[in-house]
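A short worksheet on the structure shown next.
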Amino acid sequence: MSTGGWTAVAAPVLRRPAGSAPGGVGARVEAPNAADAPAWHRFRSRVGHHVLVLEGSQILDVPAPPDGAGRGPHDHPGDASDPLVPHLAPYLAHGATLDLGAVPSVAPQSISLNLTSACNLACTYCYADRGGFGGAQSGGMTAAVAEAAVDRLLARADRRAMATIGFLGGEPFLRSALLAHVVRYTSRRAAHLGQPVGFSVTTNGTVLGPADLELLRTHRFAVTISIDGDRATHDRHRRTATGRDGEGGWALTLGGVRPLLADPGRAVVSARATVTADDVDLARRLDALVAEGFTTVGFSPVRMGAGAFTEATWPRWLAASVGLGERCLADILAGGACPFDNLAVALRQIDAGASSPYPCGAGGGYFSVATDGEWFACHRAIGDPRFALDDGRGGVDVERQRRFLVEHHVHHAEPCRSCWARYLCSGGCHHEAGSRTDAACDAIRSWLEFCLDAYCAVSARRPEWFAPQVPEEGR
Amino acid sequence: MPDDKLLPRNRSARRAQARAAGNPVVTELEAGVGNCFPGLEIDLRNLERRFFPFLAVDFVGGQVVVAEVDLDGARAAGAPAPLLDGLTRISGTLPSVTWQITALIGEFAGYGRRTFDLQSLGADAPSDPWTAVRLLRPGVEVQVTFLRASGAGTGANQVVLSAARASYLDDDGAFAEMFEPGELTQSLCSPWTHDFRDCGCWYWASNHPDLVLPALPAGTEPTDPDWGRRALWLRADRTTQPPPPADDQHSGELAHHEINTRWQDLDLVLDGREQRAAYEPSAVAGVPLPAGQLVPTLRYAAGVEIGVMLEYLAAVYSVDPQAGASGSDLRDDARAARAEVLRVAISEMRHLRVINQMLAELDPPAAGARFVPALGVATLLPGPPNAPRPPVQFRTLTPAVLADFIQIERPSTDNVDGLYTRILATLETAGAAAHAATIRSVMAEGADHYATFRNVAEWLGRHTGTPYLRNLTAAPTGHPALATVQQRYETVLDHLHRGYSAGLPAGGAEVATARLAMLGNDGLDAACEALARAGFVARFAVPADPRFAAVAPPA
């Protein structure tokens with residue numbers, strides 16, 4: 001699972017297609033042995049004592065630990081002498097069937113297209129350098145390049161699952177005619193092939209016109225609006241291209257997005273707020289965005305560059321997340337909704353038992369296509385040779401891909417491979433691996449402990465919250 | 001929460017707990033053969049149910065009958081006036097009047113443009129009306145003649161309509177939206193009701209029980225013989241309590257039509273017994289043994305097999321095969337009881353053989369050494385922690401002793417069955433599939449022993465007192481007949497030890513010799529019978545030979 005919105009864009013999780021051989025490309029990254037890494041983890045929730053069996057993220061209600069009383073909720077890792085050990089065997093065996101050590105071999109199922117290297121905003125923390133990626137990307141994508149990328153995706157995608165085309169940049173709606181063309185082209189090709197297809201776009205919303213809104217409303221679009229909420233915070237970081245303080249994009253963004261929030265059509269709209277270390281009042285941000293009509297708000301902490309969290313400030317992020325989480329948990333238990341997407345996603349994924357050795361699909365089922373048509377493993381790493389997996393002949397370099405997936409497997413990452421949260425956090429964003437510090441990891445683990453606790457509470461007191469969601473189109 | 005209870009909370013943990021208590025694995029849904037004629041997931045005939053726009057028909061016994069008319073849909077779709085008029089005429093008489101389709105004019109696959117009289121299709125025609133409809137080309141106009149079933153073939157009793165034949169698939173290849181949920185399966189026989197009745201006994205998988213033990217009234221013990229006789233699960237008479245035992249003819253089952261209206265009278269069946277109150281599992285899913293405990297536990301299990309075998313043997317010879325008059329019920333019951341308890345004792349010996357074979361594979365000897373068989377008797381049999389069993393006892397087959405035997409074999413967590421449940425759980429999670437299957441068959445035979453002892457209790461319970469028993473006492477130490485029993489018992493063990501340690505096929509001859517030493521003319525069987533005729537209960541001491549030293553339960 002992703003850690004509930006920690007990564008900037010939720011790339012599809014790497015899946016192994018049903019029926020494919022474990023290991024796929026033949027590679028495996030063995031798990032550390034039991035002595036070096038826990039296979040399960042005790043934790044305490046507000047409804048009792050539990051064990052998380054790591055493989056399969058299986059949650060069990062268990063008797064209190066032998067030395068139960070007086071122990072904190074977060075400090076009791078499972079160990080071999082625990083009397084629970086013999087009772088866990090069926091769950092450990094079930095988890096082993098998931099074969100999380102395998103390096104999957106999958107055809108791409110999703111791509112993002114970097115339509116342009118230009119942006120009309122100049123956000124202080126932009127990973128893409130406004131789309132230019134520090135000079136690694138320039139100009140705009142042509143229709144021919146976009147069509148070739150779509151054709152390449154659809155040629156090998158699994159027809160039983162949805163293929164996704166995402167639009168990024170730069171600001172993708174600066175190329176709205178191309179964007180609309182690609183949507184129509186993809187829809188036509190996909191219908192011909194019998195391939196289910198969906199779209200996603202991450203946009204600052206400032207240049208959305210009537211034709212754009214119509215396009216979003218009439219196609220299966222996941223629309224992520226980059227908006228930090230509230231106005232002061234947003235405008236401080238998401239500046240217009242003049243670059244002057246106070247001339248931010250809040251009003252422009254809301255002006256563009258309000259018609260879509262009022263009438264989303266087939267689109268599913270959510271807000272994604274980027275959070276800098278100097279302003280972690282998540283509740284205030286959430287309230288501001290909900291007041292503007294957003295029903296789903298995800299938060300991403302800045303981990304690198306200006307405004308990034310540090311050893312000293314990660315605890316603030318954690319406190320703010322858990323604080324807002326507690327508030328939203330109370331709302332859920334009282335029968336309400338949960339606009340805090342980091343929590344909502346985590347709860348649903350814990351319920352399903354999401355567990356993966358990869359935090360996202362980068363380099364496996366997901367690629368990002370630069371304006372010039374080159375395929376990279378991730379949209380955050382355009383131009384980064386470590387993420388360049390294109391063979392230059394219209395395909396993926398299989399050997400480089402295999403190496404990439406082996407090197408980025410969580411069993412390969414230190415200290416992740418021996419962490420109890422390794423199949424929940426999966427090591428976090430590959431591109432931000434350099435920002436992995438003790439403080440950051442502690443914050444993630446503590447957040448996951450909170451999510452596990454909250455999950456147990458919701459599953460005990462409001463289990464219907466986990467009932468399958470009927471997609472909008474099915475209603 | 002009890003110490004050994006783990007409850008799965010999220011969906012993935014629940015998937016690991018695939019097996020529920022109360023019924024054997026073969027009762028799970030995927031083990032079932034859960035359908036009947038036409039034996040498919042849908043009734044293909046229903047694909048043609050809506051071949052004519054705004055109309056649904058049923059294919060009934062070679063006729064095509066109008067089931068419903070969608071006038072609103074026809075109006076909303078702007079159907080042409082003649083079509084709308086005709087549909088209105090038919091609709092206005094439903095459901096009191098039956099309209100039947102008697103003729104089709106259209107484009108038929110394989111026949112071209114033809115007119116077919118559905119009431120007499122003839123040789124150069126589709127085999128039946130449904131096939132004729134099925135062959136109509138989608139999208140091509142078809143003319144349909146509707147006839148009031150009760151009227152003549154002209155005028156108001158006949159309606160002729162034309163429209164393009166509807167397709168049952170939409171453009172994406174999915175079933176067209178016109179079908180209602182459930183419509184494609186609606187004419188299947190009800191698999192979960194009719195099937196129970198439709199086929200002969202023993203045919204279906206065990207999720208469709210034939211014979212069951214009746215639900216126990218409150219306060220009645222499971223051992224009560226009145227409630228220990230198997231009855232028909234499908235019995236029509238649900239009032240007689242306890243229900244009469246099933247006979248060979250299955251007399252009194254619900255008839256075919258009855259089961260469709262009375263299926264809700266059938267009881268849930270768990271552990272082979274109908275359940276009307278909240279069910280308390282009698283055997284929970286086994287908890288695997290701690291690491292390293294499998295081999296010592298199997299060695300103990302081998303000793304348990306010897307222990308129960310000795311208890312049963314002592315009881316066998318206490319039953320008098322000459323009880324009662326020749327041909328009397330008493331003699332029949334005594335001989336049957338004796339034969340059945342002996343059969344169970346011999347079955348335990350087979351288990352001993354199986355466990356030793358498994359140990360030879362799981363606990364192989366060091367290079368150059370021979371396998372050390374598990375032939376030490378377990379003087380302590382597994383029992384409830386709060387009421388441990390006394391050491392192995394040698395008793396006559398009184399009702400109380402028989403009840404104890406039933407207790408030993410009962411599906412449970414704290415007896416022999418419980419011991420194997422844990423062995424099985426261990427092998428299933430970290431062992432060879434073949435070994436797990438072997439243990440499963442040992443446990444299935446244990447279930448048979450349980451049923452056998454309950455049958456014996458029923459037979460012997462028909463007699464007042466214990467007229468089937470010999471009047472036996474404990475043999476004085478040193479009695480020559482007792483010494484013969486002990487000597488032959490040790491001879492059997494010696495042959496088994498040689499055979500088991502040599503393995504197969506090398507040890508086969510020794511195992512056969514051991515069998516002769518048990519049942520041959522000069523064998524253990526004869527010695528036990530001689531001791532009983534002398535007036536004494538058989539008993540077996542732990543041999544002084546260290547190869548047969550008593551084995552204790554693993555710590």
Side-chain angles (χ1 to χ4, degrees), chain A residues 1 34 40 43 45 47-66 68 80-98 190-191 194-196 347-355 423 452 455-460 463 466 468, chain B residues 1-21 25 28 169-175 177 181 283-297 385 413 418-419 421-433 435-436 439-440 554-555:
Chain A
M1 68 185 274
W40 53 284
F43 67 98
S45 79
V47 296
H49 293 270
H50 312 274
V51 157
L52 170 76
V53 176
L54 305 194
E55 291 178 318
S57 295
Q58 303 165 75
I59 297 178
L60 312 170
D61 292 3
V62 302
S81 67
D82 195 305
L84 280 182
V85 167
H87 306 276
L88 292 173
Y91 302 98
L92 294 169
H94 175 58
T97 64
L98 300 176
Q195 171 71 55
L347 293 181
R348 294 201 191 284
Q349 297 208 345
I350 290 170
D351 184 53
S355 61
Y423 303 124
L452 290 168
Y455 169 74
C456 293
V458 178
S459 66
F466 296 102
Chain B
M1 192 184 298
D3 282 352
D4 59 347
K5 271 281 165 63
L6 273 65
L7 300 175
R9 176 165 284 280
N10 65 348
R11 280 190 280 150
S12 58
R14 288 197 294 271
R15 277 194 290 275
Q17 273 249 325
R19 192 165 308 167
V25 65
E28 287 172 8
L169 298 180
D170 66 17
D171 292 344
D172 292 336
F175 286 127
E177 279 190 10
V284 297
V287 174
L289 296 159
Q293 285 293 297
L294 178 61
V295 165
T297 304
T413 54
L419 179 71
T421 300
R422 294 199 68 179
I423 291 171
L424 176 62
T426 311
L427 289 168
E428 280 182 334
T429 51
H435 287 159
I439 294 297
R440 257 185 237 114

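Lettering of chains follows the sequences in order, A, B, ..., and the numbering in each one begins at 1. Since the structure is predicted, the reported quantities are computational estimates derived from the model, not experimental observations.
The candidate with the highest count of non-hydrogen atom pairs below 4.5 Å against chain B, out of A:Ala96, A:Gly194, A:Cys456, A:Pro463, is A:Cys456. Across A:Ser459, A:Ala93, A:Gly48, A:Gly95, the residue that shares the most heavy-atom pairs under 4.5 angstrom with chain B is A:Ser459.
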**Request:** Please report the C-alpha distance between B:Ile423 and B:Leu289 in whole Å, then the side-chain angles of each, then the deciding distance to 0.1 Å, and finally whether the side-chain contact (heavy atoms from CB on, under 4.5 Å) criterion is met.
**Result:** CA-CA 7 Å; B:Ile423 291 171; B:Leu289 296 159; 4.2 Å; yes
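The two atoms that bring A:Gly56 and A:Ser355 nearest to each other are N-OG, 3.0 Å, heavy atoms only. Across every non-hydrogen atom of A:Phe466 and A:Leu347, the tightest pair is CE2-O, 3.4 Å.
Taking the six-membered ring for Trp and the full ring otherwise, A:Phe43 and A:Tyr455 have centroids separated by 6.0 Å or more.
In this structure, the portions of A:Ala460 lying under 4.5 Å from any heavy atom of chain B include both its backbone and its side chain.
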